[in-house]
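Some notes on the structure that comes next.
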Amino acid sequence: MAIETDSRSDSFAGTALSSERLSALAARVGADGTDIDTDTDADTDADTIAVRAPATDTVIGSIPACTVADVDGAVDRARDAQSSWADRSVEERGEILERFGDLVLEHRAELLDLLQLETGKSRRHALEEVLDVPLTCSYYADSGPAALADRKRRGAFPPATTARVTAEPVGVVGVISPWNYPLTLSVTDVIPALIAGNAVVLKPDEKTPFTALALAELLERAGLPDDVFGIVTGDGPTVGPALIDRVDYLSFTGSTETGRVVAERAGRNLIDCSLELGGKNPLVVLEDADIDEAARGAVQACFTNAGQLCLSAERLFVHESVFDEFLDAFVGETRRLALGTDFDFAADVGSLIDGDQLERVERHVEEALETGASVLTGGRHRPDVGPFCYEPTILTDVDPDATVAREETFGPVVSVRPVSSTEAAIRAANDTEYGLNASVWAGDRDRGVAVAREIDCGTVCVNDAYVSGWAAVDAPMGGFGDSGLGRRHGREGIERYLESRTIATSRIGPLDAPPGIPTSWYARGMMGLTRLQRRLPTVSSVRRWFR
Ligand code: NAD
């Protein structure tokens, strides 16, 4: 099928980007040996996939549609490169990743342009991604040595025996990432994998490949050896399974639906995986909350990246005693948001990614209205701003069984409901299969924390929307229930990429009956030893004594 291209220059207007620059980035796919067609001319065929700019709905370039053989090649090359990468010290690997973080900051102007070009997001939301990556690099460069160090464990019969655990890289890690945060989510799971001594093959979303390719260029400039990081582009159902079949670990971020397919395949291959999936995140406002702060926080929670953020709040539960006051403030703040797609910091909210996402948003709102909901602000497609722009939308009186109340909209649409008590708010917040992120607003922070403990989510931010949870890189992040498996960030974020090997030693030879001792004597001796051992203080009991 021929790909329609559109050479209208307005997609690139206001940026330093050009179609030549994007072609050069596309040429990085398979640049090291595989025969991949990177022709981005008008007459491209099934070997390539067109990439469109959401702000103009025009083709800005194309990328190779990699085949199973291309994935094989990329993983083979990564495997060959991995052992010498793992042989370097963790400190040396950390220095390269730190340099990469510096380069991301240095090249922020182009990265911001690329992010806006291929996602349509506002520049202020693109900036969050640029700031996030260097912090993650520094965190893992700093904490990597401790995570990879040998650890002493209690031996079977101390001091006659010892045990220590070593941490080894799993080998080649596959990373599959979505389109909504193509800078952050292409590398946030790659950085700890590389620090741990693994090689990585990344499959970015086919809608947003260029940011990931620009990152590959910066990693190379930072000194990452050839083939330690590779990118395969193309269609998810073709490239994704091929990658899962060949790697030693798979880190997936995307929808719950695809996550199930990925987990099944990983299970069949007996490889471990982490799944960062969808959400239907609640935001709770208690009666003693600072209402102005809560309203500003709700705007950030609901409309960042036009709601296309896995941590976005889509269900708001507000104590009935402050419901009207909160709604007034929230609607007021929301109406002040500027919608736009220019390559500057003027707009607060940008475009949706494509027509499918727009259709989903419109369907959820229309169905809610048909079943009795009211729109307090928004509720309109804005083709005058951009083909896929949709106004930040607040709904009330939403039927609790409506699609918009139960399924992830992944757009700038939120429903607000009064609740009669804190317990009712907690029940409503937990009434979902998902459990990714929640936000709780309380005047008394301790009370907010107590409520947070009752909410079934991987992250709960008190008096903040999501930034304090995400940016706490030292703390694990992930989902309960249908929101995922495993955790990124923190020690957990690197340990998933390590195999542990226990090395046990004996100072007294084989732990078996000594020669010439009757088995009945040996059995009696072992019974006594076992009883004694059970009475010996454990490490945790000794710690308790000294507390
Ligand atoms: P998606 O599942 O459709 O696609 C994600 C990635 O999976 C893409 O690279 C895609 O090409 C690939 N893919 C598609 N089919 C595949 C298959 N059969 N096997 C392997 N890979 C396949 O998700 P999306 O719609 O692009 O992203 C939005 C979703 O991602 C939302 O649900 C959002 O909540 C979720 N998300 C979660 C997090 C998180 O950290 N929990 C972060 C961002 C997005």
Side-chain angles (χ1 to χ4, degrees), residues 49 51 54 63 65-66 68 71 118-119 121 125 128-129 132 136 174-189 201-209 211-212 231-247 250-269 273-281 304-314 352-354 356-357 359-361 407-411 432-437 457-459 466 469-470 476-489 493:
I49 294 177
V51 181
I63 42 149
C66 288
V68 172
V71 177
E118 58 180 16
T119 64
K121 65 174 65 186
H125 296 146
E128 287 186 358
E129 297 202 58
D132 176 62
T136 307
V175 175
I176 299 179
S177 60
W179 48 262
N180 63 331
Y181 277 73
L183 179 60
T184 289
L185 295 178
S186 289
V187 287
T188 206
D189 296 311
V201 178
L202 165 72
K203 192 214 95 61
D205 193 282
E206 47 275 41
K207 292 194 256 301
T208 54
T211 307
I231 293 192
V232 283
T233 52
D235 168 52
T238 307
V239 175
L243 191 62
I244 301 165
D245 286 350
R246 282 152 187 83
V247 294
L250 198 282
S251 167
F252 174 81
T253 306
S255 63
T256 296
E257 194 186 351
T258 311
R260 288 187 205 282
V261 176
V262 167
E264 229 175 277
R265 190 118 189 165
R268 228 176 305 141
N269 284 298
C273 64
S274 52
L275 306 169
E276 303 286 345
L277 309 178
K280 190 74 192 172
N281 306 307
T304 292
N305 205 28
Q308 300 167 119
L309 165 64
C310 55
L311 307 171
S312 272
E314 296 192 353
L352 295 172
I353 188 78
D354 60 14
D356 288 348
Q357 202 58 33
E359 184 276 326
R360 183 184 173 94
V361 166
E407 283 180 22
E408 187 182 39
T409 306
F410 218 52
T432 172
E433 307 299 312
Y434 293 108
L436 193 57
N437 182 54
C457 282
T459 318
Y466 64 89
W470 175 271
M477 183 126 212
F480 284 25
D482 286 0
S483 288
L485 282 181
R487 295 290 183 270
R488 62 160 54 111
H489 285 177

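Indexing begins at 1, ligand by ligand and atom by atom, following the structure's order. Computed over heavy atoms, backbone and side chain alike; hydrogens, waters and symmetry mates excluded.
Between R260 and D482 there is a salt bridge, since a side-chain N of the basic residue sits under 4.0 Å from a carboxylate O of the acidic one.
Contacts of D205 with ligand 1, taken as heavy-atom pairs under 4.0 Å, involve both backbone and side chain. Residue L309 does not touch ligand 1, judged by heavy-atom distances below 4.0 Å. The proximity of L436 to ligand 1, defined as any non-hydrogen pair under 4.0 Å, is limited to the side chain. Looking at R488 against ligand 1, only its side chain comes within 4.0 Å, counting heavy atoms. Contacts between E206 and ligand 1 below 4.0 angstrom, taking non-hydrogen atoms only, involve the side chain exclusively. The proximity of L277 to ligand 1, defined as any non-hydrogen pair under 4.0 Å, is limited to the backbone.
For atom 1 (P) of ligand 1, the candidate residues are G174, P237, S255; the nearest heavy-atom contact is made by S255.
Looking at ligand 1, you'll find an N or O of T258 within less than 3.5 Å of one of its N or O atoms. Checked by distance only, ligand 1 and F410 stay at 3.5 Å or farther apart across all their nitrogen or oxygen atoms. An N or O contact shorter than 3.5 Å is missing between T253 and ligand 1 by distance.
N437 is not listed as a side-chain neighbour of W470, based on a closest heavy-atom distance of 4.5 Å or more.
To the nearest 0.5 Å, atom NZ of residue K203 and atom OG of residue S186 are 10.0 Å apart.
Of the residues T253, T208, L185, the one that meets the side-chain contact (heavy atoms from CB on, under 4.5 Å) test with N180 is L185.
Nearest to atom 34 (O) of ligand 1 among the protein's heavy atoms is E408 OE2, 2.5 Å.
The two residues F410 and E314 make their nearest non-hydrogen contact at N-OE2, 2.8 Å.
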